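Below: the structure, in structure tokens.
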Amino acid sequence: MSREFAESLIATIPDYPTPGVVFKDLTPVFSETAALEWVLSECARHFGESGITRIAGIEARGFILGAALAGHMNVGFVPIRKAGKLPRATHSVDYALEYGTDTLEIHQDALHRNDVVLLVDDVLATGGTATAAASLIERCDARVAGLAVLLDLTFLGGHDRFAQAYPHTEVFTVFA
Ligand code: AMP
């Protein structure tokens, strides 16, 4: 499996879900056995020496990569979800979208003080989602060791925004 083949599976959909947005659909990468295996190996290789104890995936597409990677790296998986989806006591953070705000939550007991967490999502765009998710990990007194994404839409500035908020957290883009 080559990077080029895995990358060629990414589907680009103009004007979805709203006019002007160029949507990157990673599901064809997940559905191809060898491509998924290659993606998981790249992430595991990059963070193999980081002492990761748990992976936190961001709803919803971060669940797919995050849960698969947790199995691959033999660590536990923790979901970071939209408001009202988690049944027990949560930490909650509001963050700005282009129009309006959104909320992310994590179970208060999902992480432990000594956890070293790898945050996972499919696409880094403006960085608002990843930055908010990282703040939830810190609210649990755990450490955000890294952020792994498949794609970074660099022209939207998310990488810089995240790096400014979390300068000691490594950002790894699989299809850089
Ligand atoms: P942001 O908070 O702007 O960095 O947006 C990141 C979140 O929105 C991720 O969970 C992505 O799944 C999703 N997202 C944003 N822009 C796109 C895009 N162009 N294609 C696919 N997903 C996107």
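These numbers come from a predicted model, not from an experiment. Ligands are counted one by one from 1 in listed order, and the atoms in each one are counted from 1 as well.
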Quiz item: Name the one of Thr53, Ile137, Val116 that satisfies side chain to side chain contact (heavy atoms under 4.5 Å, CB included) with Leu111?
Solution: Ile137
Quiz prompt | Partner residues of Glu59 under the salt bridge (Lys or Arg N to Asp or Glu O under 4.0 Å) criterion, sequence neighbours left out | solution = Arg81
Self-check item: Contact check, side chains of Ile58 and Asp122, non-hydrogen atoms, under 4.5 Å
Solution: no
Quiz item: Is it true that a side-chain atom of Thr169 and a backbone atom of Val144 form a donor plus acceptor pair closer than 3.5 Å?
Solution: yes
Exercise. Provide the full list of side chain to side chain donor-acceptor pair (under 3.5 Å) pairs with a residue in residues 123-148, sequence neighbours left out, each pair given once.
Key: Arg113-Asp141
Quiz item: Near ligand 1, which protein residues have a heavy atom under 4.0 Å away?
Solution: Val22, Phe23, Lys24, Arg61, Asp121, Asp122, Val123, Ala125, Thr126, Gly127, Gly128, Thr129, Leu153
Quiz item: Please, which pairs that meet ring pair (Phe, Tyr, Trp, His ring centres under 6.0 Å) have at least one residue in residues 122-169, sequence neighbours excluded?
Solution: Phe162-Tyr166
